[in-house]
Amino acid sequence: MDITLSVIKADIGSIGGHIAPSQKLLATVRDHIKKHGEGLIRDHYISFTGDDIAIVMTHTRGEGDEAVHKLAWDAFIAGTAVAKQQGLYGAGQDLLKDSFSGNVKGMGPAVAEMKFSERPNEPFLFFAADKTDPGAYNLPLYLAFADPMNTPGLMLAPSLAKGFRFVIMDVAHTEGDRVIELNAPEDLYDIAALLRDPERFVVESIWSRTTGEQAVSVSTSRLHNIAGKYTGKDDPVMLVRVQKDFPATGEILAPYALGHFVAGSMRGSHQMPLMPVQLNSGISYFDGPPVVSCAAFAMHEGKFTEPMDAFAHPFWSKVRDNVADKALDMRRQGFFGAAMLPMSELEYTGIMEKLAKLEERFKVRKE
Ligand code: F6R
Ligand code: MG
Ligand code: MG
C-alpha cells in the first residue's frame, strides 16, 4: 500500500518565553486534527519539542497535498487563537503569511514528507530538534549513511553495500530549490566538503542505491529567508525509515551520542552541543541547549503503534551529562570566537547597525 508520511511543525507560542507550549495549546491542536482529519488522514501523532509542536500524519494523498497541509495550517491557526488568549509568548510566531495558499512550504511551518510503498513491517523514526537549524542533522546523517565506523551494516549487510544517494540543498539560494545529488561511497569527499558547512548545505533526503527507496526526509526551510529578518531558528524535523535495506535504528541513533556543536541556542546565535532528550521536553539553560527528540514507530497500513521514546533509555543520561559539560565549557568563553556564530549567521540585526556606525569612525593612518 502506498503511504505518505507527513510531518508539519510550527512554533505558535509558548510558556515562559521560548520554552514549551501550554497543555491547552497542545489540546487545541490535537482536537482540531482529530475533528477535521477524519476521512482525510489515516493516523496522526502530535508532540512537542521545546517550543515547537509537530503533527505527524499518514495518508494516501502524496507529498505537498493541499488538504493535508491545510489541515495542519488550520490546526496551527486554531492554536494561535488559544495562544493569544493565554498570553503565550510568540503567539503565531511561525505563521508568516496571512492566508493559506496551497502548501505550507514557504509559509513558516517546517515540513518533511515521504511517499513510499509500505513494507510488511515498516519501522521509522521521527526526529524533532529545537533551538537549532536543519544543518544539525548533517553530521549524524553522514555518519549513519556513509561511514562504516558508525554503521557496520555498510560493511556487513548486502542490502546496504551499494551505499546511499544524498540530495543536498543550498539553503542560501532563495529563488528556488538549488540541489545537488551525490553518491556515497564514491563521492564521499565531495559530500563531506559540502556538509561541513551546515548553515549553507543541508541534507534534504537520502535514498537507497540498492532499491531506489527513500530513507530520509529533512525539513530544510530557513525562516530567515522567508521573513527577511529574524523570526526564530528553523528547528528542523526529520523522518527516517530504518532496518532491512536501510541502516538499523541503533545505527541512526548512535551519532547523537556525540553531542556535536550546532548553530542555535540563545538568540539563535551561538554554537552549542546538541542534547538528545525525551519526547515532550522543554528548553532551559541559555535558551537551550539545542535539543533533539526521537519517537520510534511501527506502522501497518498507515496506522501507528504507540511511540517508543528513543532517547529515554538510561544510556542517554550519561550522554546528556556529557553534553551539559560541553555546553558549560563553551559558555565559559561567552561571545568570543567559536562560541558565537559568524556575522552572517547572527539572527539579530542590532550588531550590524552598531558595526556600521563604528565603520565611520575608523581612520587609516598616514605613514
Ligand atoms: C532562540 C530563541 C531565543 C530567543 C530569546 C530572545 O532561537 O528563540 O533564544 O532568541 O529568548 O527572544 P526575544 O527576542 O523574543 O525576546
Ligand atoms: Mg520560539
Ligand atoms: Mg523552536
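Both counts, for ligands and for their atoms, begin at 1 and track the order of listing. Computed from a predicted model, the values in this text were never measured in an experiment.
Not a single donor-acceptor pair under 3.5 Å links the side chain of S6 to the backbone N or O of E113. Looking at N183, its side chain never comes within 3.5 Å of a backbone N or O of E186 through a donor-acceptor pair. A side-chain donor-acceptor contact under 3.5 Å links Q243 to the backbone of T249.
A salt bridge does not link K326 to D329: none of the charged side-chain nitrogens sits closer than 4.0 Å to a carboxylate oxygen.
With a 4.0 Å cut-off on non-hydrogen atoms, H18 touches ligand 1 through its side chain and not its backbone.
Within D52, the N/O/S atom positioned nearest the Mg ion (ligand 3) carries the name OD2. The atom of D130 that is an N, O or S and sits closest to the Mg ion (ligand 3) is OD1. The N, O or S atom of D11 lying closest to the Mg ion (ligand 2) is OD2.
Ligand 1 has no N or O atom lying under 3.5 Å from any N or O atom of D51, backbone or side chain.
Ring pair Y45/F304: centre-to-centre distance not below 6.0 Å.
Under 2.8 Å from the Mg ion (ligand 3) lies an N/O/S atom of D51, whether from backbone or side chain. Within the coordination shell of the Mg ion (ligand 2), defined by N, O or S atoms under 2.8 Å, D235 is absent.
Nearest to atom 1 (C) of ligand 1 by heavy atom, out of S265, G264, S269, is S265.
Counting the atoms of ligand 1 from 1 in the order shown, those under 4.0 Å from a heavy atom of D287 are 3 (C), 4 (C), 5 (C), 9 (O), 11 (O).
The side-chain hydrogen bond (donor to acceptor under 3.5 Å, both in side chains) search around E251 returns none, not counting sequence neighbours.
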Candidate pair E213 and K244, rule salt bridge (charged side-chain N to carboxylate O under 4.0 Å, His left out), full reasoning: CA-CA 12 Å; E213 287 280 308; K244 201 82 180 156; over 6 Å; no
